[in-house]
2 protein chains.
Amino acid sequence: MTVSRFSLTISPMPSKKYHHGDLKNALIKAGVEILAKEGVSGLSLRKVAQRAGVSHSAPYAHFPDKQSLIAAISTEGFNQLYAELESAISSHSKNPKKQLIEGAKTYIRFAEENTDTFKIMFSGVLEKEKDYPSFVEISSKTFKLVVEVVQACQSAAILPAAPADLMAVSVWGQLHGIVSLALEGQVPHTVLDRHNIQEIVSFAIGQMTT
Amino acid sequence: MTVSRFSLTISPMPSKKYHHGDLKNALIKAGVEILAKEGVSGLSLRKVAQRAGVSHSAPYAHFPDKQSLIAAISTEGFNQLYAELESAISSHSKNPKKQLIEGAKTYIRFAEENTDTFKIMFSGVLEKEKDYPSFVEISSKTFKLVVEVVQACQSAAILPAAPADLMAVSVWGQLHGIVSLALEGQVPHTVLDRHNIQEIVSFAIGQMTT
DNA sequence: ACCTGAACACCGTTCAAGT
DNA sequence: ACCTGAACACCGTTCAAGT
């Protein structure tokens with residue numbers, strides 16, 4: 001025991017306060033990791049605190065309640081999704097149809113690679129999303145991105161003339177619905193035997209475009 | 001105390017075993033009611049038991065765990081949704097386009113009137129749906145209903161020729177996606193100011209049909 | 001077969017206290 | 001300002017026991 005006490009003195013042990021003034025982000029990161037490892041049902045405030053190396057009540061210095069941490073995780077998820085969509089879309093700035101298809105692929109990939117973050121963003125776990133301004137902001141920014149692509153497609157006569165925001169809900173809804181049904185296991189194997197989600201979405205979007 | 005013991009003997013008190021051998025269904029019913037009143041986050045096994053008038057451990061005589069009760073509630077929800085869709089569709093057996101539109105309206109109404117049951121059916125709360133045969137059966141029966149309507153529409157040249165199951169995923173995905181985004185508060189007010197969900201879905205399905 | 005009550009581990013949240 | 005530890009109410013699940 002003398003040894004361990006000694007080592008504690010000369011080199012800081014990981015169980016010390018190593019959140020370098022940024023416990024808030026450390027908690028969000030820990031939450032994302034738990035989500036990836038144990039899923040939505042495995043996400044507890046106490047586990048998040050433990051993984052960040054603080055006591056179970058420390059998170060309350062940064063988040064008023066669990067919902068608030070979930071809002072922060074969802075916001076972080078939306079930020080990442082937005083960045084990936086932005087990148088995919090700006091890679092094909094001269095080709096609206098490609099923007100649509102590659103944007104959809106990016107959305108699908110995000111859902112597949114971050115399944116439980118995606119679920120927490122879109123499956124009603126967050127109950128009063130309107131109370132979290134940064135969540136509302138990034139989600140409406142993301143919607144605007146969809147509107148832009150839709151408008152570009154309309155200008156190129158790839159999508160029919162119609163109010164762009166209405167068309168955007170339609171396109172995003174089509175994409176989101178197929179992805180959601182797939183994550184729920186509601187797409188029958190008779191379809192999945194022949195096509196992956198990307199192909200199903202491509203088919204569906206192909207239906208809407210000319 | 002003599003009085004209470006006497007009254008217990010001559011007339012059965014409500015706190016006695018009044019689940020007439022059908023506690024299982026009483027628990028499902030209690031679960032649906034709690035879902036409607038307190039939402040998904042308010043649904044606990046202990047509350048369900050209390051509402052059904054039994055001890056907190058009584059449900060374990062009928063369901064191995066909470067997931068299993070959730071599966072039963074979801075199955076019951078699907079049964080109701082199926083019945084309502086069936087009824088709406090058979091009311092317009094000579095008019096495929098009407099079947100599609102009225103089926104969609106029924107789906108939307110079900111989601112709006114049973115929001116939290118709908119969420120529990122489709123939002124990943126049920127984690128191993130494949131383990132519950134009656135859930136799988138009714139959900140695949142419901143999918144077959146969509147396929148039938150799609151085929152009728154294809155025969156009437158209202159939907160383009162394509163594998164009916166693929167087209168069914170597309171149509172259901174479109175409907176489900178818009179409804180899900182709406183329940184999540186992800187449909188911007190700029191759109192909701194002008195159109196309700198029914199109209200948005202009608203627009204989207206109008207896009208797919210000729 | 002069906003149900004109860006005690007028990008256990010875990011959870012979200014609060015609060016007095018420490019630095 | 002940031003964090004800890006005890007405490008409270010609630011939860012899912014197990015189990016010995018009662019009818």
Side-chain angles (χ1 to χ4, degrees), chain A residues 8 12-31 34-35 37-74 116 120 125-128 131-132, chain B residues 5 8-9 12-31 34-35 37-74 116 120 125-128 131-132:
Chain A
L8 270 169
M13 294 289 278
S15 52
K16 267 297 168 192
K17 39 177 115 169
Y18 52 13
H19 31 73
H20 47 271
D22 198 12
L23 178 56
K24 186 164 187 172
N25 279 303
L27 291 168
I28 296 171
K29 198 180 155 220
I34 290 173
L35 232 28
K37 250 166 233 164
E38 307 184 41
V40 176
S41 67
L43 184 72
S44 78
L45 260 186
R46 291 171 97 110
K47 269 191 212 158
V48 167
Q50 191 184 29
R51 177 170 264 265
V54 291
S55 80
H56 63 263
S57 48
Y60 287 91
H62 302 275
F63 301 100
D65 53 25
K66 190 186 180 184
Q67 278 289 303
S68 185
L69 173 61
I70 289 175
I73 294 173
S74 299
D116 283 82
I120 240 184
V125 181
L126 190 54
E127 294 187 340
K128 294 187 174 171
D131 292 354
Y132 305 97
Chain B
R5 263 167 70 222
L8 271 170
T9 316
M13 295 288 277
S15 54
K16 265 299 167 190
K17 40 176 111 168
Y18 56 10
H19 31 76
H20 46 271
D22 199 11
L23 177 57
K24 186 164 185 171
N25 279 301
L27 291 168
I28 294 172
K29 199 181 154 215
I34 290 173
L35 232 28
K37 248 165 234 163
E38 307 183 41
V40 176
S41 66
L43 184 72
S44 79
L45 260 185
R46 290 171 99 110
K47 270 191 211 158
V48 168
Q50 190 184 29
R51 178 170 263 265
V54 292
S55 80
H56 64 263
S57 48
Y60 288 91
H62 301 275
F63 300 101
D65 53 25
K66 190 186 181 186
Q67 278 287 304
S68 185
L69 173 62
I70 289 175
I73 293 172
S74 299
D116 283 82
I120 240 183
V125 182
L126 189 53
E127 294 189 341
K128 294 186 174 174
D131 292 354
Y132 305 97

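This one's a predicted model, so the numbers in the text were calculated from it and none came from an experiment. All chains are named by letter (A, B, ...) in the order of the sequence lines, taking the proteins before the strands, and each is independently numbered beginning at 1.
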Would you indicate which nucleotide in [options] comes nearest to any side-chain atom of [X]?
| X | options | result |
| --- | --- | --- |
| A:R46 | C:dT13, C:dT4, D:dG12 | C:dT13 |
| A:D65 | C:dA6, C:dT13, D:dT4 | C:dT13 |
| B:H56 | C:dA6, C:dT4, D:dG12 | C:dA6 |
| B:L45 | C:dA6, C:dG12, D:dG12 | D:dG12 |

Point to revise | Side chain to side chain, A:Y132 and A:L126, heavy atoms closer than 4.5 Å | key: yes
Check your understanding: With a 4.5 Å heavy-atom cut-off, do B:L43 and B:L69 have their side chains touching?
Key -> no
Measure the distance from [atom1] on [X] to [atom2] on [N] and round it to the nearest whole Å.
| X | N | atom1 | atom2 | value |
| --- | --- | --- | --- | --- |
| B:L69 | D:dC11 | CG | C1' | 14 Å |
| B:E38 | D:dC10 | CD | C1' | 13 Å |
| A:K66 | C:dC11 | NZ | P | 9 Å |
| B:F63 | C:dC2 | CZ | P | 12 Å |
| A:Y60 | D:dC3 | OH | P | 15 Å |
| A:I70 | C:dG12 | CD1 | C1' | 11 Å |
| B:Q50 | D:dC10 | CD | P | 10 Å |

Point to revise | Flag, side chain of A:Q67 to backbone of A:E127, donor-acceptor distance under 3.5 Å | key: yes
Exercise for review: Could you check which nucleotide pairs with C:dC10 in any of the strands shown, counting Watson-Crick or G-U wobble with both distances under 3.5 Å?
Suggested key: none
Review point. Does C:dC3 pair with anything, Watson-Crick or G-U wobble, both distances under 3.5 Å, and if so, with which nucleotide?
Key: none
Revision key, fill the gap. Per nearest nucleotide of DNA chain D, the residue lying toward the 5' end, B:S57 or A:A58, is A:A58
Check your understanding: Is atom NZ of B:K47 surrounded by more than 12 heavy atoms (other residues, nucleotides or ligands) closer than 6.0 Å?
Key -> yes
Exercise for review: Count the heavy atoms belonging to other residues, nucleotides or ligands that lie under 6.0 Å from NZ of B:K24, then report whether that count exceeds 12.
Suggested key: no
Check your understanding: OP1 or OP2 of C:dC11 sitting under 4.0 Å from any side-chain N/O of A:S44?
Key -> yes
Review point. Quick one: is A:H62 getting a side-chain N or O under 4.0 Å of the D:dC3 phosphate, OP1 or OP2?
Key: yes
